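Down below is the structure, laid out as structure tokens.
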Amino acid sequence: MAKEEIDVAYPDIYVPLSLNCYQLFVFDSKQSERKQRKKKKRKTMATLTVPNTVPSVSEDCEQLKKAFEGWGTNEGLIIDILGHRNAEQRKLIRQAYAESYGQDLLKALDKELSNDFERLVLLWSLDPAERDATLANEATKKWTSSNQVLMEIACTRSANQLLHARQAYHARYKKSLEEDVAQHTTGDFRKLLLPLVSSYRYEGDEVNMTLAKSEAKLLHEKISHKAYGDDDLIRVLATRSKAQINATLNHYKNEFGNDINKDLKADPKDEFLALLRATVKCLVRPERYFEKVLRLAINKRGTDEGALTRVVASRAEVDLKIIAEEYQRRNSVPLDRAIVKDTHGDYEKLLLALAGHVEA
């Protein structure tokens, strides 16, 4: 696994040239307010806990170096540090560690750790864009369920996050995510996944109700004729803003009596229909999608550590709190208790730390 740093550029916000100075100020202020609201909301939905007083980066690096020395690795110290640092802090630790000791921290962790604990630590330590690029690259090399991972990344990240993941993919693998998805998928799966991973959705709250009504009718018509791979059906799901899709699907239910996913269950064993249903759920109710992934991962004979690791590592700083609430509502069991039941050792301890579990 490559460990290079990813330098990601942020795209400029488009501003109409006809706006005067006052309008530009209002436009910029509204953009800033929206970003602040989203940032505050993310904090309240995240489960990651960071100490009020965080040690210096150099001190964290020294402690991690000590954790690797001696006869045995001090896994508890690694969890105490990396399990309670946010993405920006972890990035600074990686940079400082390389500068201080001439070694990539990820390579040091890879050498010292093993099994599911190693996988979780390495994924968690990556920058979010690097993590998404890594998960996507792994998914392009597999079949069936890996299609869902590609869809998950494409549909649950913001427009900028998905763009950054594609840029990170360029830097790590010297090719584009789009070309790998195109090469490793076929038929309807390619028709859906390629525009999904290529999209840059509008993220405002504005909704065109006339469009919502017409596209709800279009979706119903295509589904009624079992034209699940129709270009227009895929276009709506792959390009419209999430607010617009939500309005369209609400009108679909009101007008035609069924939730769209119920109508997409014509053949429960059809893998493409399953991917379409998961796409809809990711776009409209991502917490329900992730709850199901966790339920299938830890509520059956034999834990799916890959799925459990992916969800916890990728959502702990985003919305794992509401995913956990949905999990408890659906299963009548707290997520942390389910984790304790199905995992053990240092892997369990880091999962619980990232899930915000507090010892009684």
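These figures come from a predicted structure and were not determined experimentally. Just so it is clear, the values below take in all heavy atoms, side chains as well, and ignore hydrogens, waters and symmetry mates.
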Answer yes or no: is there a donor N or O on one side and an acceptor on the other, between the side chain of [X] and the main chain of [Y], under 3.5 Å?
| X | Y | result |
| --- | --- | --- |
| D259 | N261 | yes |
| R190 | A182 | yes |
| R235 | P195 | no |
| Q244 | N208 | yes |
| N115 | F117 | no |
| R94 | L105 | no |
| E317 | A87 | yes |
| T47 | L320 | no |

Ignoring hydrogens and geometry beyond distance, is a side-chain donor-acceptor pair present between [X] and [Y] at under 3.5 Å?
| X | Y | value |
| --- | --- | --- |
| N160 | E203 | no |
| K242 | N246 | no |
| Y173 | D180 | no |

Grouping I, L, V, M, F, W and Y whenever their side-chain heavy atoms are under 4.5 Å apart, do [X] and [Y] come out in a common cluster?
| X | Y | answer |
| --- | --- | --- |
| L249 | V207 | no |
| L77 | Y347 | yes |
| V54 | W124 | yes |
| L211 | V284 | no |
| L150 | F272 | yes |

Looking at [Y] and [X], is there a salt bridge between them, counting it only when a charged N and a carboxylate O are closer than 4.0 Å?
| X | Y | result |
| --- | --- | --- |
| E305 | R119 | no |
| R295 | E291 | yes |
| E138 | R310 | no |
| R329 | E287 | no |

Checklist entry - Can K217 and E255 be said to form a salt bridge (charged side-chain N to carboxylate O under 4.0 Å, His left out), step by step? => result CA-CA 9 Å; K217 183 179 179 181; E255 184 70 18; over 6 Å; no

Next on the checklist: Less than 4.5 Å apart, side chain to side chain, heavy atoms only: is that true for R240 and T248?
Outcome noted: no

Item to check | Pair Y327-I298, side chain to side chain contact (heavy atoms under 4.5 Å, CB included): steps then yes or no | outcome: CA-CA 11 Å; Y327 185 92; I298 59 182; 3.6 Å; yes

Point-to-point distance, once rounded to the nearest 0.5 Å, from [atom1] of [X] to [atom2] of [Y]:
| X | Y | atom1 | atom2 | answer |
| --- | --- | --- | --- | --- |
| T140 | Y169 | OG1 | OH | 4.0 Å |
| I93 | L82 | CD1 | CG | 6.0 Å |
| L351 | T309 | CG | OG1 | 6.0 Å |
| D336 | I339 | CG | CD1 | 7.0 Å |
| S125 | R131 | OG | CZ | 9.0 Å |
| E69 | E112 | CD | CD | 9.5 Å |

For [X] and [Y], work out which heavy atoms get closest and say how close.
| X | Y | value |
| --- | --- | --- |
| I79 | K349 | CD1-CB, 3.8 Å |
| I78 | A67 | CG1-CB, 4.0 Å |
| D132 | I153 | O-CD1, 3.6 Å |
| D263 | Y252 | OD2-OH, 2.7 Å |

Checklist entry - Just wondering, more than 12 heavy atoms not from D270 lying within 6.0 Å of its CG? => result yes

According to ring pair (Phe, Tyr, Trp, His ring centres under 6.0 Å), who are the partners of [X], at least two apart in sequence or on a separate chain?
| X | answer |
| --- | --- |
| Y228 | none |
| H251 | none |
| Y97 | Y101 |

Checklist entry - Hey, mind stepping through L296 and D304 against side chain to side chain contact (heavy atoms under 4.5 Å, CB included) and telling me if it holds? => result CA-CA 8 Å; L296 294 176; D304 181 354; over 6 Å; no

Next on the checklist: Applying side chain to side chain contact (heavy atoms under 4.5 Å, CB included) to L193 and M151, what does each step give before you reach the verdict?
Outcome noted: CA-CA 6 Å; L193 290 169; M151 177 282 302; 4.0 Å; yes

Item to check | For T49, all residues meeting side-chain contact (heavy atoms from CB on, under 4.5 Å), sequence neighbours excluded | outcome: H84

Next on the checklist: Run the side chain to side chain contact (heavy atoms under 4.5 Å, CB included) test on D346 and L350 for me, step by step, so that the C-alpha distance in whole Å, both residues' side-chain angles and the decisive distance to 0.1 Å come before the verdict.
Outcome noted: CA-CA 6 Å; D346 296 313; L350 182 53; over 6 Å; no

Would you mind writing out the side-chain donor-acceptor pairs for residues 56-66 within the sub-3.5 Å range, not counting sequence neighbours?
unit_1	atom_1	unit_2	atom_2	d
S56	OG	S58	OG	3.1
S56	OG	E59	N	3.1
D60	OD1	R85	NH2	3.0
D60	OD2	R85	NE	2.9
D60	OD2	R85	NH2	3.4

Item to check | Listed once per pair and sorted, the salt bridge (charged side-chain N to carboxylate O under 4.0 Å, His left out) pairs that draw on residues 220-231, sequence neighbours left out | outcome: K191-D231, K222-D230

